[in-house]
Each structure stands twice: as structure tokens, then as C-alpha cells.
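What follows is one structure encoded as C-alpha cells, with my remarks underneath.
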Protein chains: 2
Amino acid sequence: MESNKNLGEFEMLVLAAILRQGGDAYGVSIKQDIEARADRSPSLGALYATLARLEKKQLVRSTMGEATKERGGRAKRLYTIEPLGQRLLEQSILALRNMTDGLVSWRFGV
Amino acid sequence: MESNKNLGEFEMLVLAAILRQGGDAYGVSIKQDIEARADRSPSLGALYATLARLEKKQLVRSTMGEATKERGGRAKRLYTIEPLGQRLLEQSILALRNMTDGLVSWRFGV
DNA sequence: TAATTTATACTACAATGTAGTACATATAGG
DNA sequence: CCTATATGTACTACATTGTAGTATAAATTA
């Protein structure tokens with residue numbers, strides 16, 4: 001009887017990217033990871049809106065990155081996944097696997 | 001440069017259920033499959049609304065089932081997946097896999 | 001202090017998720 | 001027949017998520 005709110009499809013991609021990057025995830029790097037692995041190009045606007053919602057739901061947490069870097073521009077907001085976020089991601093991915101594993105006439109390997 | 005519209009999370013579950021059932025899928029059986037494998041209980045209203053949208057987008061096709069059966073009640077509307085639907089499902093599942101495979105501290109097997 | 005670079009925030013609207021309620025149509029019994 | 005029961009779909013309304021365009025912020029450099 002776990003917490004059982006569902007994640008959207010893009011929310012899953014974003015949570016997975018944050019988890020992958022273990023502490024160094026921020027807007028641009030998350031976008032790049034999704035572009036490289038999921039073969040799609042969300043706008044930064046779309047991404048930040050989703051990040052804000054995930055944080056409001058307490059599935060991720062953010063902190064401002066160090067300002068003193070040898071580069072120009074505004075500070076990064078760094079994201080980490082919260083236990084609840086990881087749990088929901090696992091549930092959602094597992095549900096999808098249970099529905100799709102073992103399907104015949106599947107183009108990529110079962 | 002394939003067709004690249006994205007599927008929602010629930011749409012993926014529904015398409016997968018239809019594909020699994022190979023020609024015998026209808027409202028109630030799809031709902032039951034999702035309940036059994038994805039551990040959630042969508043209302044039939046939610047399911048039919050999604051089926052109607054999938055058909056409008058030509059990702060599935062439907063036909064009325066035979067009326068002459070030894071049972072009461074209205075005829076079933078049977079669903080099959082269209083090539084486009086299968087392709088989009090494959091793309092979406094593959095994207096998710098590419099994002100989540102190989103993650104460490106993953107509760108279920110990599 | 002203006003230009004450039006890097007990055008986030010805001011806003012509005014489209015698409016998807018969700019369930020409640022109503023409706024349709026078959027069989028069975030009197 | 002007519003109505004009760006069983007089975008299943010359609011309609012409607014609203015909440016949540018997806019999406020991108022535009023504006024803003026804050027650092028470095030000249």
C-alpha cells in the first residue's frame with residue numbers, strides 16, 4: 001500500500017536523468033542527457049516547468065550551485081532526487097516493464 | 001526522422017495491453033490486464049476516454065464484436081493496435097530503457 | 001557600464017489523465 | 001410482451017502534465 005501517485009512520461013525521463021547524474025544535475029545537463037539517450041529535444045521552458053512541479057510535489061530537491069566558477073552566467077540550480085521520487089520512478093518503470101516484457105513481435109530485443 | 005509524437009504514460013499501458021491480447025482486447029479485459037500487471041485500477045471511464053483518443057490518433061483500430069454469444073449485455077468493442085501505434089510504443093519504451101538501464105542503487109534488477 | 005554568456009523563472013495554452021454519470025443492448029423469467 | 005439483470009460503451013467535466021515562447025537574472029570581460 002505504498003504511496004501511489006502516478007508519474008507522467010516526461011516526469012520519468014527527468015527523474016531518471018537526475019538520478020543518473022548523482023548531484024550534478026541542473027537544467028542544461030538534464031536536457032542534454034535526455035537528448036542523448038531518449039532522442040528528443042524538450043525546450044528548457046518545458047523542462048524548468050516540470051522541475052518546478054516535481055519539487056513542489058517533493059520528488060526532487062534543489063540547491064543553488066557555487067557561484068565562484070571560472071565562467072560567466074547565472075548560478076546553476078542543482079537537483080537531487082528524493083526517496084519518494086525514486087520510489088515512484090521505480091514503481092512506474094516496473095509497471096511498464098510488467099506490461100511490455102515478453103511481448104512477441106517486438107522490434108528491439110525482448 | 002520517424003513520426004515522433006510522444007505517448008502519455010497511461011497511453012503506453014493501454015497500447016501494451018492491446019498488443020498483449022492480440023485481437024481479443026476490449027474495455028474490461030484491458031482494464032483487468034492493467035490491474036494485474038501494472039498494479040493500478042483505472043476507472044472504465046478513464047480507459048474509454050483514452051481508447052477514443054488513441055483511435056482518433058489512429059494508433060489503434062476497433063470493430064464491434066459478434067453479438068451472438070451465450071451471455072447478456074451489450075456487444076464488445078474489440079481493439080487492435082495499428083503499425084503507427086506499435087512504432088510509437090516501441091520508441092517510448094526504448095527511450096525509457098535508455099534512460100533507466102544501468103542505474104545504480106536501483107531497487108529491482110538493473 | 002555595456003556586451004556577452006549562462007542559466008532560471010514566468011505565463012499561457014495544448015494534451016493527457018481521471019472518474020462520475022448516463023446510456024445501450026443482450027438474456028432470462030414471469 | 002415487459003421489466004429486471006448483466007454486461008459494456010459513450011459522454012462530460014475537470015485536474016494534471018506537457019510544451020514552448022518570452023522575460024529576467026547574474027556572472028565575466030572589455
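Basis for what follows: all heavy atoms, side chains included, without hydrogens, waters or symmetry-related copies. Since we're looking at a predicted model, the values are computed, not measured. Chain naming here is simple, since letters A, B, ... match the order of the sequence lines and numbering starts at 1 in each.
B:T63 places none of its side-chain heavy atoms less than 4.5 Å from the side chain of B:Y79. With a 4.5 Å cut-off on side-chain heavy atoms, A:E11 and A:L89 do not count as touching. Within the 4.5 Å cutoff, the side chain of B:I18 has heavy atoms near those of the B:I30 side chain.
One interatomic measurement links the two molecules: CG of A:L13 to P of D:dT19, which rounds to 9 Å at whole-angstrom precision. Rounded to whole Å, the distance from CG on A:L7 to P on D:dG18 is 9 Å. When rounded to the nearest whole Å, the span between NZ of B:K56 and P of D:dA10 equals 14 Å. What separates CG of B:L51 from C1' of C:dT16 is a distance of 14 Å, to the nearest Å. Computed from coordinates, the A:L47 CG to C:dC10 C1' distance equals 15 Å when rounded to whole Å. In this structure, CG of A:L44 is placed 16 Å from P of D:dG18, rounded to the nearest angstrom. Between A:R77 atom CZ and D:dA27 atom C1' the separation is 16 Å, expressed in whole Å. The interatomic distance linking B:F10 (CZ) with C:dA19 (P) rounds to 8 Å, in whole Å.
Residues B:E9 and A:K5 are not paired through a salt bridge, judged by the lack of any N-O separation under 4.0 Å between the basic side chain and the carboxylate. Using a 4.0 Å cut-off between charged nitrogen and carboxylate oxygen, B:E82 and B:K57 do not count as a salt-bridge pair. A salt bridge does not link A:D39 with B:R97: every distance from a Lys NZ or Arg NE/NH1/NH2 to an Asp or Glu carboxylate oxygen is 4.0 Å or more.
Phosphate proximity of C:dG17 to B:R53: absent, as no side-chain N or O sits under 4.0 Å from OP1 or OP2. Contact annotation: A:R74 does not reach the phosphate of D:dT28 (side-chain N/O to OP1 or OP2, under 4.0 Å). Side-chain nitrogen and oxygen atoms of B:R71 include at least one within less than 4.0 Å of the OP1 or OP2 phosphate oxygen of D:dG8. Here B:K57 reaches the OP1 or OP2 of C:dT16: one of its side-chain N or O atoms lies under 4.0 Å away. For the pair B:K5 and C:dA15, the criterion of a side-chain N or O lying under 4.0 Å from OP1 or OP2 is not met. Phosphate contact (OP1/OP2 of D:dT19, side-chain N/O of B:N6, threshold under 4.0 Å): present.
For the residue pair A:R77 and A:S62, a side-chain donor N or O sits within less than 3.5 Å of a side-chain acceptor on the partner.
Atom CZ of A:R40 has more than 12 heavy atoms from other residues, nucleotides or ligands within 6.0 Å. Within a 6.0 Å radius of CD in A:Q58, other residues, nucleotides and ligands contribute 12 heavy atoms or fewer.
Linking ILVMFWY residues whenever their side-chain heavy atoms come closer than 4.5 Å, directly or via other members, places A:L54 and A:L44 in the same cluster.
Contacts of residues 27-43 of chain B with DNA chain C (heavy atom under 4.0 Å): B:R40, B:P42, B:S43.
Taking a pair as Watson-Crick or G-U wobble with both distances under 3.5 Å, the runs of three or more consecutive pairs in DNA chain C are C:1-30 with D:1-30.
Within 4.0 Å of B:G8, counting heavy atoms only, lie sugar-phosphate atoms of the nucleic acid but no base atom.
Where B:A49 and B:Y26 each meet DNA chain D at their nearest nucleotide, the meeting point lying more 5' is that of B:Y26.
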